[in-house]
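Atoms within each ligand, like the ligands themselves, are counted from 1 in listed order. Everything numeric in this text was worked out from a predicted model, so none of it was measured.
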Amino acid sequence: MHSGDIFVIQGGKPLRGSVTISGAKNAAVAILPATILAQGVCVIENVPQISDVQIMLEILQYLGAEVKSLNPHKYQIDTTHLRSQTVPQEMTKLLRASYYLIGAMLGRFGSAKVASPGGCDFGIRPIDQHLKGFELLGAEVSYEQNAIIEITADKLIGSQVYFDKVSVGATINVMLAAVKAEGLTVIENAAKEPHVVDLANFLNMMGADIWGAGTDTIKIRGNKPMRGCDYTIIPDQIEAGTYMIAAAATHGDVKVKNIISKHLESLTAKLKECGVQVEDGGDWCKVSAPNPFAGSHIKTGPHPGFPTDLQPQMTVLLSIASGNSSVTEGVWDNRFKYVGQLLLMGADISVNGQFASIEGVDALRSATIHADDLRAGAAMIIAGLVAQGVTRVEKVDHIDRGYEDVVEKFRKLGARIKRVSPEPARAASAG
Ligand code: EPU
């Protein structure tokens, strides 16, 4: 993989066969820094091979963790000799989840100095709820936008933390610190995403005492001794959803394996509303769309609502559905930037703030497009698979952040897609 790689896609072929889903990115990027709290050896399995995970592992090594790859999806992480030190911007700007180092280091050392996090650009991404949570646990916070976030606490004390907005990041970060706070912490209006539950299960396996993860009230009895453990990360529901939508959009027939179908209920319901067939096997599902599908109206929201991280992919599907559809983005201020790329391909979409109105067109046409961010990038692949002709997708580094072996997985489903590196220069024709 090289920076500057592009994907070349010869579209118009239905996807067929089966695809196996990798471990969940957003669980992995929380669980890996959580090993800091173990002060011992953890073995983590089902770790996805994606660049966000590699960056997180590099940051842990920089902090003094010993990281050993036991196989491509299994890592042994020894955080015994970790030192608390500043995590510089060159590292934190590479991924949003770098802010989980704050909660984990605050819990372990009573202090953390971590530069502001990077991540996909969906407009303003505040961290006020994270910082409010740390302060309620007794920490002192010094923070200016785009600077080093410095947090110290003589002692963390359990507290009641009510979030003004449902936030995955704030829920996870406060849980990370609260397991080391004395007494009871109650998080109210907590996020309920599967990766929040996965992190709580991991922390409990290390010795923490957390109840209620997956509901909007999480209770943590802190200061329990924590030790290393073995843990297997859940499957990635967003990766699974991406392949489900791609199967439907190409009028294919695909079995998506290694999933927890319960995590995908909102997508499954919407696909069925569109007339797509979804067979639910619990840890697999089969998606087929032999006939034209109908439009639908989607509003994204926190789990169990329709995931914002499947919004761009679903917009591609709706752009070729019959009739009128709409998509309301209920989580991020600015997550429709990619629509401009779909307009180049002949989609009929008008965006007004966080609302997109879609008139289904018969077909998309190929174009040279780019990935604006990770999930928008996945949507561009689906658009390329649907379109007649050869589509080139640029800036695919964004996609590599969160999709393991994306080209190989789509090729196995019969897609005509290949990765082309800028050097040595060669003609880019799809195989
Ligand atoms: N918010 C605040 N204050 C805060 C934190 C969040 O106002 O202190 C707001 C945000 O501006 C947003 C909403 O709350 O409007 C939800 O943000 P959240 O904190 O839940 O998002 P996040 O933790 O930064 C995670 C995922 C995102 C995913 C969102 C929503 C990770 C590393 N990232 O981000 O995933 O879109 O939750 O589900 O878990 C992706 O994987 O492509 C991705 C962007």
Side-chain angles (χ1 to χ4, degrees), residues 22-34 48 50-53 55-56 92 94-103 116-136 141 143 145 149 161-176 187 189-199 216 233-234 236-242 263 266-267 300-313 328-335 337-338 353-354 371-379 398-404 406:
S22 300
K25 168 181 94 84
N26 289 342
V29 295
I31 285 170
L32 294 174
I50 51 174
S51 62
D52 268 14
V53 157
I55 293 162
M56 185 56 90
T92 62
L94 299 173
L95 85 163
R96 189 78 195 153
S98 55
Y99 55 29
Y100 293 145
L101 295 158
I102 305 175
S116 298
C120 295
D121 176 12
F122 312 134
I124 299 167
R125 294 184 73 173
I127 57 165
D128 57 306
Q129 299 301 305
H130 304 230
L131 303 182
K132 169 175 128 170
F134 295 140
E135 283 176 334
L136 285 166
V141 176
Y143 170 60
Q145 193 79 27
I149 304 158
V161 179
Y162 173 80
F163 289 132
D164 303 314
K165 191 146 191 191
V166 179
S167 161
V168 171
T171 303
I172 286 179
N173 234 339
V174 170
M175 263 203 288
L176 289 169
I187 301 177
N189 203 21
K192 301 189 279 254
E193 268 65 5
H195 30 291
V196 172
V197 179
D198 208 34
L199 175 75
D216 49 21
I233 291 172
I234 53 167
D236 194 312
Q237 93 264 23
I238 303 300
E239 189 198 15
T242 301
H263 294 168
S266 58
L267 172 65
T300 69
H303 192 80
F306 191 91
T308 174
D309 293 342
L310 289 174
Q311 180 259 95
Q313 301 91 314
T328 306
E329 173 53 47
V331 177
W332 297 111
D333 293 343
N334 189 7
R335 205 172 190 174
K337 269 190 295 179
Y338 66 89
Q354 289 169 250
D372 273 304
D373 58 58
L374 169 59
R375 308 303 174 186
H398 286 297
I399 304 170
D400 294 331
R401 288 186 34 223
Y403 287 89
E404 178 172 332
V406 68

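Looking from atom 17 (O) of ligand 1 to the surrounding protein, the closest heavy atom is W332 CH2, 3.6 Å. The protein heavy atom nearest to atom 24 (O) of ligand 1 is Y99 OH, 2.9 Å. When hydrogens are left out, the protein atom nearest atom 26 (C) of ligand 1 is N26 ND2, 3.7 Å; that is the closest non-hydrogen contact. Protein heavy atom nearest atom 3 (N) of ligand 1, with residue, atom name and distance: D128 OD1, 2.8 Å. Here the heavy atom of the protein found nearest to atom 34 (O) of ligand 1 is R125 NH2, 3.6 Å. Looking at atom 27 (C) of ligand 1, its nearest protein heavy atom turns out to be D309 OD2, 3.7 Å. Protein heavy atom nearest atom 30 (C) of ligand 1, with residue, atom name and distance: T308 CG2, 3.8 Å. The nearest heavy-atom contact from the protein to atom 42 (O) of ligand 1 is R375 NE, 2.9 Å.
Here the side chains of D216 and V166 are not in contact, with every heavy-atom distance at 4.5 Å or above. The shortest distance between side-chain heavy atoms of L131 and D128 does not fall below 4.5 Å.
Here the closest heavy-atom approach between residue V161 and residue V174 is recorded as CG2-CG1, 4.3 Å. What you find for A27 and I233 is that their closest heavy atoms are CB-CG2, 4.0 Å.
Listed by chain and number, the residues in a side-chain contact (heavy atoms from CB on, under 4.5 Å) with V168 are Y100, I172, A191, E193, H195, V196 (sequence neighbours excluded).
One finds the CD1 atom of I234 at 7.5 Å from the CD1 atom of I31 (value rounded to the nearest 0.5 Å). The CD1 atom of I55 sits 4.5 Å away from atom CG of L94, with the distance rounded to the nearest 0.5 Å.
Salt-bridge formation is detected for the pair R335/D309: a Lys NZ or Arg NE/NH1/NH2 atom is positioned less than 4.0 Å from an Asp or Glu carboxylate oxygen. Taking 4.0 Å as the cut-off between side-chain N and carboxylate O, D236 and K25 do not count as a salt-bridged pair.
Heavy atoms of V331 found under 4.0 angstrom from ligand 1 belong to the backbone as well as the side chain.
Residue-ligand proximity: R335 is placed with a non-hydrogen atom under 4.0 Å from ligand 1. Distances from ligand 1 to the non-hydrogen atoms of V166 include at least one value under 4.0 Å.
In this structure, the side chain of N189 engages the main chain of F163 through a donor-acceptor pair within 3.5 Å.
Within ligand 1, counting atoms from 1 as listed, the ones closer than 4.0 Å to a heavy atom of Q129 are 3 (N), 4 (C), 8 (O). Close approach of ligand 1 to I127 is summarised as follows: ligand atoms under 4.0 Å from at least one heavy atom of the residue are 4 (C), 8 (O). The K25 neighbourhood of ligand 1 comprises atoms 40 (C), 41 (O), with distances under 4.0 Å to a heavy atom of that residue. The contact set between ligand 1 and L374, taken as ligand atoms under 4.0 Å from a residue heavy atom, comprises 42 (O).
With T242 as the fixed residue, the side-chain hydrogen bond (donor to acceptor under 3.5 Å, both in side chains) test singles out one of Q237, Q313, R375: Q313.
By the 3.5 Å distance cut-off applied to N or O atoms, V168 is counted among the residues near ligand 1.
Of the candidates P126, A191, A170, G169, it is P126 that places a heavy atom closest to atom 2 (C) of ligand 1.
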